[in-house]
Protein chains: 2
Amino acid sequence: MGETLSRQEREKLRHRREILAVALKLFSDKGYHNVSMHEIAASAEFSIGSLYKFFKNKEDLYRSLMMEKGEGIIQILNDVLSQDEDVVTIIRNYIAAKAGIITNNIEIFRLHFAETQGASYNIKAGLEQKMRNYHRETIKKLACVLEKGIRAKALRQADPFYLAAALDGLTNAFLFCWLENPDQHPYEANVTLITELFLKGALE
Amino acid sequence: MGETLSRQEREKLRHRREILAVALKLFSDKGYHNVSMHEIAASAEFSIGSLYKFFKNKEDLYRSLMMEKGEGIIQILNDVLSQDEDVVTIIRNYIAAKAGIITNNIEIFRLHFAETQGASYNIKAGLEQKMRNYHRETIKKLACVLEKGIRAKALRQADPFYLAAALDGLTNAFLFCWLENPDQHPYEANVTLITELFLKGALE
DNA sequence: ACATAAAGTGAATATGCCGTCATTTATTGT
DNA sequence: ACAATAAATGACGGCATATTCACTTTATGT
């Protein structure tokens with residue numbers, strides 16, 4: 001399909017993206033509730049009215065932000081988990097891929113963690129549900145990969161879902177270290193340690 | 001010190017605690033910003049005016065809530081980590097203790113995760129800083145314990161801080177499973193799996 | 001019984017922000 | 001050059017909610 005967009009349409013898209021980028025920065029710095037539409041408008045150098053031409057309301061803006069970034073991320077992880085490699089290689093690739101994803105999306109993650117975790121029926125219920133499902137799906141996909149490893153007697157006999165959750169948690173731990181102090185705790189430098197820890201444990 | 005409080009003083013404290021309990025419930029259900037002082041007042045069966053007799057403002061109420069619960073929790077973990085036992089036993093006790101703590105404080109954790117993670121300078125800056133320090137201190141204390149294990153050649157040669165972070169992340173992963181679905185993923189049932197995974201890894 | 005203090009109340013105030021819409025400015029086609 | 005259409009503007013209405021304070025009720029001490 002030769003999606004030929006007119007200049008005007010391309011400009012419009014660019015403006016939309018600019019607004020989203022500004023909003024992401026502000027939200028991730030200050031939190032959803034502490035950023036006003038006026039502030040976003042001013043920061044993006046548009047009028048408030050214009051914001052409402054692009055997005056139905058504040059929630060819609062937030063929703064668009066999360067969904068559009070989120071889908072790209074899921075895609076990447078899915079690709080890694082669909083590779084035709086042996087389990088250990090895929091695990092290593094998964095750990096490494098997460099590094100790249102986070103590096104390119106710190107703000108999104110900050111925001112996601114700030115607005116989402118725990119609170120079950122916050123506003124944006126539908127969206128968070130969807131994001132959570134994405135996450136769960138990824139974990140499940142990871143679990144499938146691990147299950148093959150278990151059946152091949154490469155991995156320990158255990159519920160693959162828990163193994164997947166464990167790997168997810170392990171990587172997150174290092175990611176948090178890194179988020180708190182990017183210079184002192186570079187995630188990428190620890191990919192090997194994470195892999196080793198997950199596979200062989202902390203003993204000896 | 002025989003802190004003899006008059007009946008009136010005891011009542012006042014009780015009222016204060018009741019308000020905090022109600023606020024915790026509401027906050028953890030709906031998120032800080034989606035609960036009004038009026039709602040807390042009504043739910044606690046006090047007038048708004050009374051709330052402001054107890055707490056300077058909404059933020060002060062929240063702050064009190066987090067600090068008072070938080071300090072108790074830190075205390076428990078510190079105790080576990082100060083036991084005079086071998087490393088592996090302490091690790092197991094730590095994992096188990098976390099189960100108890102979370103069981104008794106689900107709301108606090110929901111709330112903490114919802115309001116705190118990631119967003120670096122949200123409101124309540126001072127408080128979150130303090131909470132984060134508490135967490136860091138606990139991790140450090142855990143790291144000290146692990147370091148002894150490393151020196152004794154019981155644990156793998158690695159930065160003890162990272163090992164501590166890893167254990168923290170691993171337990172959190174299971175806690176999240178449990179938070180999302182308490183019946184299907186009881187944390188307590190998995191203490192052994194967590195310990196095994198941390199010590200020996202996923203390989204088999 | 002009475003005075004004094006403490007606890008409790010809620011209408012009223014002040015603030016801040018979401019979202020609208022009548023109007024202005026820019027762009028396109030003829 | 002000139003409609004006709006699309007994009008952009010920002011003052012303003014309306015609403016939710018934090019906080020105050022003048023007042024009422026309850027408790028305490030003499």
Side-chain angles (χ1 to χ4, degrees), chain A residues 4-27 29-65 115 119 121-127, chain B residues 4-27 29-66 111 115 119 122-125 127:
Chain A
T4 322
L5 296 163
S6 69
R7 208 202 73 227
Q8 197 157 137
E9 286 169 315
R10 274 177 286 133
E11 286 256 293
K12 200 173 169 184
L13 270 179
R14 191 169 53 76
H15 290 173
R16 189 190 139 95
R17 275 197 299 272
E18 270 170 26
I19 293 170
L20 284 178
V22 164
L24 172 55
K25 177 83 175 73
L26 289 173
F27 282 151
D29 279 355
K30 310 168 64 167
Y32 180 80
H33 286 283
N34 301 312
V35 176
S36 73
M37 290 297 265
H38 278 80
E39 194 175 352
I40 297 171
S43 203
E45 295 175 282
F46 281 96
S47 66
I48 321 138
S50 293
L51 284 210
Y52 284 90
K53 284 278 160 64
F54 285 103
F55 306 98
K56 204 168 90 261
N57 51 39
K58 192 180 178 184
E59 188 177 327
D60 182 46
L61 195 163
Y62 178 81
R63 190 183 294 262
S64 308
L65 192 54
E115 297 297 336
Y121 98 110
N122 251 351
I123 38 156
K124 300 156 280 167
L127 192 248
Chain B
T4 321
L5 296 162
S6 68
R7 209 203 70 227
Q8 197 157 139
E9 286 169 316
R10 274 177 284 132
E11 286 255 294
K12 198 174 170 182
L13 271 180
R14 191 168 54 77
H15 290 172
R16 189 189 139 94
R17 274 197 300 272
E18 270 170 26
I19 293 171
L20 284 177
V22 164
L24 172 55
K25 178 83 175 70
L26 289 172
F27 282 150
D29 279 356
K30 309 169 63 169
Y32 179 80
H33 286 282
N34 301 312
V35 176
S36 72
M37 290 298 266
H38 277 82
E39 195 174 350
I40 296 171
S43 203
E45 295 175 282
F46 281 96
S47 67
I48 320 139
S50 290
L51 284 210
Y52 284 89
K53 286 277 160 69
F54 285 103
F55 307 98
K56 203 167 90 262
N57 52 38
K58 192 180 176 184
E59 188 177 329
D60 181 46
L61 194 163
Y62 178 81
R63 191 183 292 263
S64 308
L65 192 54
M66 294 307 260
L111 181 52
E115 299 296 336
N122 253 352
I123 38 158
K124 300 157 279 168
L127 191 248

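Just so it is clear: chains get the letters A, B, ... in the order the sequence lines come, proteins before strands, and each one is counted from 1.
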### Task
Any chance you could lay out the side chain to side chain contact (heavy atoms under 4.5 Å, CB included) test for B/R7 and B/R10, step after step, and finish with the verdict?
CA-CA 5 Å; B/R7 209 203 70 227; B/R10 274 177 284 132; 3.6 Å; yes
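- A/S50 comes within 4.0 angstrom of a base, heavy atoms only.
- Taking the charged nitrogens against the carboxylate oxygens, B/R14 and B/E11 do have a contact shorter than 4.0 Å, which makes a salt bridge.
- When DNA chain D is scanned 5' to 3' for any atom under 4.0 Å from a heavy atom of chain A, the first and last hits are D/dA6 to D/dA11.
- Taking atom NE2 of A/H15 as the reference point, atom C1' of C/dA26 lies 12 Å away to the nearest angstrom.
- Between the NZ atom of A/K53 and the P atom of C/dC21 there is a distance of 12 Å, given to the nearest Å.
- Atom-to-atom, CG of B/N57 to C1' of C/dA14 comes out at 15 Å; the value is rounded to the nearest Å.
- Pairing each heavy atom of B/F46 with each of B/H15, the nearest pair is CZ-CG, 3.5 Å.
- Atom CE of A/M37 is separated from atom C1' of C/dT20 by 13 Å (rounded to the nearest Å).
- Cation-pi check for A/K58 over A/Y32 is met; the charged atom lies under 6.0 angstrom from the ring centroid and within 45 degrees of its normal.
- A/L51 places its CG atom 12 Å from the P atom of C/dT20, with the value rounded to the nearest Å.
- As judged by a 4.0 angstrom heavy-atom cut-off over every strand, A/K12 is placed among residues touching the sugar-phosphate backbone only.
- In this structure, CD1 of B/I48 is placed 14 Å from P of C/dT13, rounded to the nearest angstrom.
- Closest approach of B/K30 and B/N34 over heavy atoms only: O-ND2, 2.9 Å.
- Atom-to-atom, CG of A/N34 to P of C/dT15 comes out at 19 Å; the value is rounded to the nearest Å.
- If you check C/dG19, C/dT9, C/dT28 against the side chain of A/Q8, the one that comes closest is C/dT28.
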### Task
Any chance you could lay out the side chain to side chain contact (heavy atoms under 4.5 Å, CB included) test for B/E59 and B/R63, step after step, and finish with the verdict?
CA-CA 6 Å; B/E59 188 177 329; B/R63 191 183 292 263; 2.8 Å; yes
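- With rounding to the nearest 0.5 angstrom, the CG atom of A/L20 is 9.5 Å from the CZ atom of A/F27.
- With DNA chain C read from its 5' end, the first of the two nearest nucleotides for A/G49 and A/Y52 is the one closest to A/Y52.
- Distance B/H33 NE2 to C/dC17 C1': 13 Å, rounded to the nearest Å.
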